[in-house]
A.B. asks: 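Sending over a structure as structure tokens; questions will come in a sec.
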Amino acid sequence: MSSLALGFQEMDKAQVSLVGGKGLNLGELSKIEGIQVPEGFCVTTVGYQKSIEQNKTYHALLDRLTMLEVEDREEIGEISRKIRQILMEVEIPSDVASAVTHYLSRFGEEHAYAVRSSATAEDLPNASFAGQHDTYLNIIGKEAILQHIRKCWASLFTDRAVIYRMQNGFDHSQVYLSVIVQRMVFPQASGILFTADPITSNRKLLSIDASFGLGEALVSGLVSADCYKVQEDKIVEKMIATKKLVINARKEGGTETVPIDHDRQKIQTLTDQQILQLARIGRQIEANFGCPQDIEWCLVDDIFYILQSRPVTTLFPIPEANDQENRVFISVGHQQMMTDPIKPLGLSFYLLTTPAPMRKAGGRLFVDVTQQLASPVSRNILLNAMGQHDPLMKDALMNTLKRGDFKKPLPSDNKAPSPSRGNTDMLAQIENNPSIVSDLIKRSQTSIEELKQNIQTKSGSDLFDFILEDIQELKKILFDPQSSAVFMAAINASTWINEKMEEWLGEKNAADTLSQSVPNNITSEMGLALLDVADVIRPYSEIIDYLQQVKDDNFLDELVRFDGGQEARNAFHAFLNKYGMRCAGEIDITKTRWSEKPITLVPMILGNIKNFEPNAGKRKFEQGLCFALEKEQELVDRLKPLPDGEQKAKETKRMIDKIRNFIGYREYPKYGMINRYFVYKQALLKEAEQLVQAGIIHEKEDIYYLTFEEFREAVRANKLDYQVINKQKDEYKLYEKLTPPRVITSDGEIIAGNYKRENLPAEAILGLPVSSGVIEGRARVILNMEDVDLEDGDILVTSFTDPGWTPLFVSIKGLVTEVGGLMTHGAVIAREYGLPAVVGVENATKLIKDGQRILVNGTEGYIELL
């Protein structure tokens, strides 16, 4: 057995570097009992390397290609074409040609073969490379096969394959190509089988596409295929397509496309018995590989042959559960306005902080709501909360409940305790006592000051024990019934105002204007405070010029060299002392804070200097306050002449006071939590520095890829298996490519929700109206806060906004996000700043192009592309 070519039966699992992902999978398939695989062999990557190792031009071109970025399309095209030309004309070494001859004589040189590419970075669990490299069918004769081996090698450098590698972080010089040479079979039908439904991701629902002739017609999109769905050995759905064309193999080699007779076009490709037989084969292959598979199959004389099987790489992982029950999970990221993956240390901290039944999946957190959905009382509380947070999530949960295949609803239990948030006694006590808010804020601040003092004396294992103890204090503050009751009072008052003003006065969303410029909103105050920093810097043109050039975070120390520099530096430090623990994605403790990277704030400050006159922060607040007080007066005046008007006006005034006294506090508990997290983080980074000095980790940020317990153990034992960090880094990279679902079941099924509304413009993109008003302007699609370049009057379009995005809100005229609800952060701040806002807009950052003019209707909840 030479290393230049290997028969399918001769391969073992460790040889991916020799035969590539596709070749390895074929070898594995051919060893499964009862699975038919057309026989064949692989020309290994050694043959490819031998053919090019002496070719200096090839290596020079490869070096040039490695220096390019995805954006350099023209150069990529030119260099790739030259490399393909070299590979098409390369001399195949005689020992490689001999190895090919050996296997052809064994399987029969007179037969037709499929010649298929199998790259070393292909059909891997985290990157499929599907369709990136070429396949040639029905090739007859040794010379033709050798020529097509060269063609496969050349397909490693098609433009699309090169760009795909760049996008997925693969080094061109480390990816090699093996070529599969496999006996052709001439099928009456062929197609694709997914062992997990590609539309819903349901792992129990198997999906089969089938059409007549060779599978190429299907893969290339030439024909529509029948689609059959199978669940637990039953066909649950059939869609029979009109099949007008078939691709057949020709006797003399090559393929031909032939029209199908009219009377056969609507015939079911596979019989029901064949569908179920194929489904069983799919499940057997899935069990062998241990994960959902995408399988190419064909049918020849009533025998199913398997041509390929690869892992399905696009499925979102299922949240871990400890039993076989049907379960329903909802995304934490969609409620916390941060749908990016969280590193292991960040996940640990969130899990330590929350009492909810959390599960991890794909680097995100999900809450198991199965029990809550089972009881009528807790179900209503959950659905009402989701209505505020994310109506698409609520609708998805409603869709799940309609199906009835999850936990059987419990009989109505009126004695079920209502959670503290709905505690009416507490709400009555609070009524309208604004000092409660300042008391709660003071208590939180005092507690954080104590923490800062006490943590300084802790190190090693003691530090970890101390943090665990302090998290109990954090939980007491976060879940204090009085604290929850304060902002629930404001939320309930907002709902009451919106419902009653529409009923009595025909006015929609009146609470939006009433929520402008409220006291005690730590997050909206932060946006205005950054305008004040701009005011300090504005008079000094030298400092402005300097800030436009700065590249690193030492710029604050350099400021004192300039006239006005000390004042500028003091203003920066004052801002960072109060808000420096914040950043985008702040619920992940591992994210870089503004205090750690103050340069992040520079573009926003420069934008404020460019877009605003001096004193804009104070004026914005006063203007919002003026609008709110005018709206209050107007509503009261309009109510008084109505029947029972004095009573209505009195009750409305009471509710407006609740909104204005309490809604600002909505943002404070999270600020307190993030403040604490930053104190923990600074202490933990000192421990990380000790590990770096002891040579246990390479850099202190490596600890982000450890859980809290793994980090604690590394400190205790003063040693660590570095593979743990490498594995979790690789997983995180993979998770970054996934889009988390709002609702997912224990079968992996993603359940979607919809908005149901009528009488909107035909081309309207729907979302949730969360802050009233209509605005037209230029869309700025921004996915990363560091890419900010806003003009006054722009509309921010992004995936999600947490408090770290607030400084941008002062510069924009409207907001569109993919995630969000009525009471999520972005909505609260948009209302307070008087910005029309539509949130929960599916795929907004793809549907709306950067720079496009759009209309945002925050009253009705839609966007129009102008």
Side-chain angles (χ1 to χ4, degrees), residues 516-517 521 523-550 555 559 564 567-568 571-572 574-576 579 582-584 594 598-627 771 773-798 801 803-817 826 829-837 848-856 858 866:
Q516 288 188 39
S517 298
N521 188 323
T523 309
S524 61
E525 286 166 7
M526 173 173 74
L528 302 178
L530 206 60
L531 284 169
D532 296 343
V533 177
D535 283 350
V536 174
I537 294 167
R538 184 180 278 105
Y540 304 106
S541 57
E542 258 195 318
I543 296 180
I544 295 171
D545 292 343
Y546 168 67
L547 289 177
Q548 280 164 341
Q549 313 301 321
V550 295
F555 73 92
L559 280 178
E567 296 98 300
F572 254 108
F575 181 87
L576 291 173
Y579 304 108
R582 308 215 90 154
C583 65
W594 293 337
I599 200 167
T600 312
L601 297 168
V602 169
M604 291 181 256
I605 290 168
L606 291 171
N608 288 345
I609 292 169
K610 179 177 76 174
N611 294 327
F612 296 102
E613 294 294 312
N615 243 351
K618 189 165 180 240
R619 268 201 315 282
K620 260 183 183 293
F621 187 83
E622 284 169 357
Q623 188 181 23
L625 183 59
C626 200
F627 285 149
S771 184
V774 179
I775 191 80
E776 280 185 25
R778 177 178 74 153
R780 290 311 321 270
V781 180
I782 296 173
L783 298 177
N784 184 338
M785 254 185 80
E786 288 165 26
D787 305 334
V788 171
D789 178 20
L790 290 168
E791 299 283 337
D792 193 26
D794 282 349
I795 296 168
L796 174 62
V797 180
T798 188
T801 63
W805 287 76
T806 302
L808 297 187
F809 282 34
V810 296
S811 300
I812 57 175
K813 287 290 186 285
L815 174 70
V816 178
T817 67
I829 304 300
R831 287 195 290 275
E832 191 166 324
Y833 284 173
L835 303 173
I848 299 167
K849 301 280 176 277
D850 187 45
Q852 191 168 26
R853 276 194 76 72
I854 61 171
L855 176 144
V856 174
L866 301 177

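Everything quoted here is computed from the prediction, not taken from an experiment.
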A.B. asks: Search all heavy atoms of R538 against all heavy atoms of I544 and return the closest pair with its distance.
C.D. replies: O-CD1, 3.6 Å
A.B. asks: Distance-only, no hydrogens or angles: does the D535 side chain make a donor-acceptor pair with backbone N or O of P614 under 3.5 Å?
C.D. replies: no
A.B. asks: Determine whether E567 and Y540 make a side-chain contact, defined as any pair of heavy atoms from C-beta on separated by less than 4.5 Å.
C.D. replies: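 Yes, their side chains come closer than 4.5 Å.
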A.B. asks: Kindly compute the distance separating CE (M785) from CG (L601), expressed to the nearest 0.5 Å.
C.D. replies: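 Nearest 0.5 Å value for the CE-CG distance: 7.0 Å.
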A.B. asks: List the steps, then state whether side chain to side chain contact (heavy atoms under 4.5 Å, CB included) holds for K813 with D792.
C.D. replies: CA-CA 8 Å; K813 287 290 186 285; D792 193 26; 3.0 Å; yes
A.B. asks: Between N611 and L790, is there a donor-acceptor pair closer than 3.5 Å when you use the side chain of the first and the backbone of the second?
C.D. replies: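 At least one qualifying donor-acceptor pair exists.
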A.B. asks: Find the distance between OH (Y579) and OG1 (T523) and round it off to the nearest 0.5 Å.
C.D. replies: 8.5 Å
A.B. asks: Short question: side chain of T798, backbone of I782 - any donor-acceptor pair under 3.5 Å?
C.D. replies: yes
A.B. asks: If we only count heavy atoms from C-beta on, is the V797 to I854 side-chain gap below 4.5 Å?
C.D. replies: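 Yes, at least one pair of side-chain atoms sits under 4.5 Å.
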A.B. asks: So, R778 and D850, do they make that salt bridge, N to O below 4.0 Å?
C.D. replies: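 Not counted as a salt bridge, because no side-chain N and carboxylate O are separated by less than 4.0 Å.
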A.B. asks: I'd like to know if the side chain of R780 and the backbone of E791 have a donor-acceptor N/O pair within less than 3.5 Å.
C.D. replies: no
A.B. asks: What's the spacing between R831 CZ and L815 CG if we round to 0.5 Å?
C.D. replies: 11.5 Å
A.B. asks: Taking the side chain as every heavy atom from C-beta outward, state whether I543 and L547 have any pair of such atoms under 4.5 Å apart.
C.D. replies: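 SC-SC contact between I543 and L547 confirmed.
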A.B. asks: Nearest heavy-atom pair of P836 and V774: which atoms, and what distance?
C.D. replies: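 Reported closest heavy-atom pair: CG-N, 4.0 Å.
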A.B. asks: Quick one, V602 and F555 - any side-chain contact, counting heavy atoms below 4.5 Å?
C.D. replies: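 Yes. Closest side-chain heavy atoms under 4.5 Å.
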A.B. asks: Given F809 and E832, is the side chain to side chain contact (heavy atoms under 4.5 Å, CB included) satisfied, shown in steps?
C.D. replies: CA-CA 10 Å; F809 282 34; E832 191 166 324; over 6 Å; no
A.B. asks: Given side chains that start at C-beta, do those of C583 and T600 come closer than 4.5 Å, heavy atoms only?
C.D. replies: no
A.B. asks: Decide yes or no for N521 and I829: does some side-chain heavy atom of the first lie under 4.5 Å from some side-chain heavy atom of the second?
C.D. replies: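 Side chain of N521 against side chain of I829, heavy atoms only: contact under 4.5 Å found.
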A.B. asks: Would you compute the distance between atom CZ of F575 and atom CD1 of I605 and round it to the nearest 0.5 angstrom?
C.D. replies: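 Those atoms lie 7.5 Å apart.
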A.B. asks: Return the CD1 to CG distance between I609 and L531, rounded to the nearest 0.5 Å.
C.D. replies: 10.5 Å
A.B. asks: Of the non-hydrogen atoms in L576 and P598, which two are nearest, and what is the gap between them?
C.D. replies: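 In terms of heavy atoms, the two residues are closest at CD1-CB, 4.1 Å.
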A.B. asks: State, yes or no, whether a side-chain contact exists between S771 and Y833 at a heavy-atom distance under 4.5 Å.
C.D. replies: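 Result no, sub-4.5 Å side-chain heavy-atom pair not found.
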A.B. asks: Out of curiosity, F612 CZ to R619 CZ, how far, rounded to the nearest 0.5 Å?
C.D. replies: 9.5 Å
A.B. asks: Quick one: closest heavy-atom pair of F572 and I537, and the distance?
C.D. replies: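 Taking every non-hydrogen atom into account, CE1-CD1, 4.0 Å.
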A.B. asks: Can you give me the closest heavy-atom contact between P803 and P807, atom names plus distance?
C.D. replies: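 That would be O-CD, 4.1 Å.
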A.B. asks: Show your working on side chain to side chain contact (heavy atoms under 4.5 Å, CB included) between V816 and I848 and close with a plain yes or no.
C.D. replies: CA-CA 10 Å; V816 178; I848 299 167; 4.3 Å; yes
A.B. asks: Do other residues, nucleotides or ligands put more than 12 heavy atoms under 6.0 Å from K610 NZ?
C.D. replies: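 Correct, the count exceeds 12.
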A.B. asks: Considering residues, nucleotides and ligands other than Q548, do more than 12 of their heavy atoms fall under 6.0 Å from its CD?
C.D. replies: yes
A.B. asks: What are the two closest non-hydrogen atoms of L530 and M604, and how far apart are they?
C.D. replies: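 Reported closest heavy-atom pair: CD2-CB, 3.9 Å.
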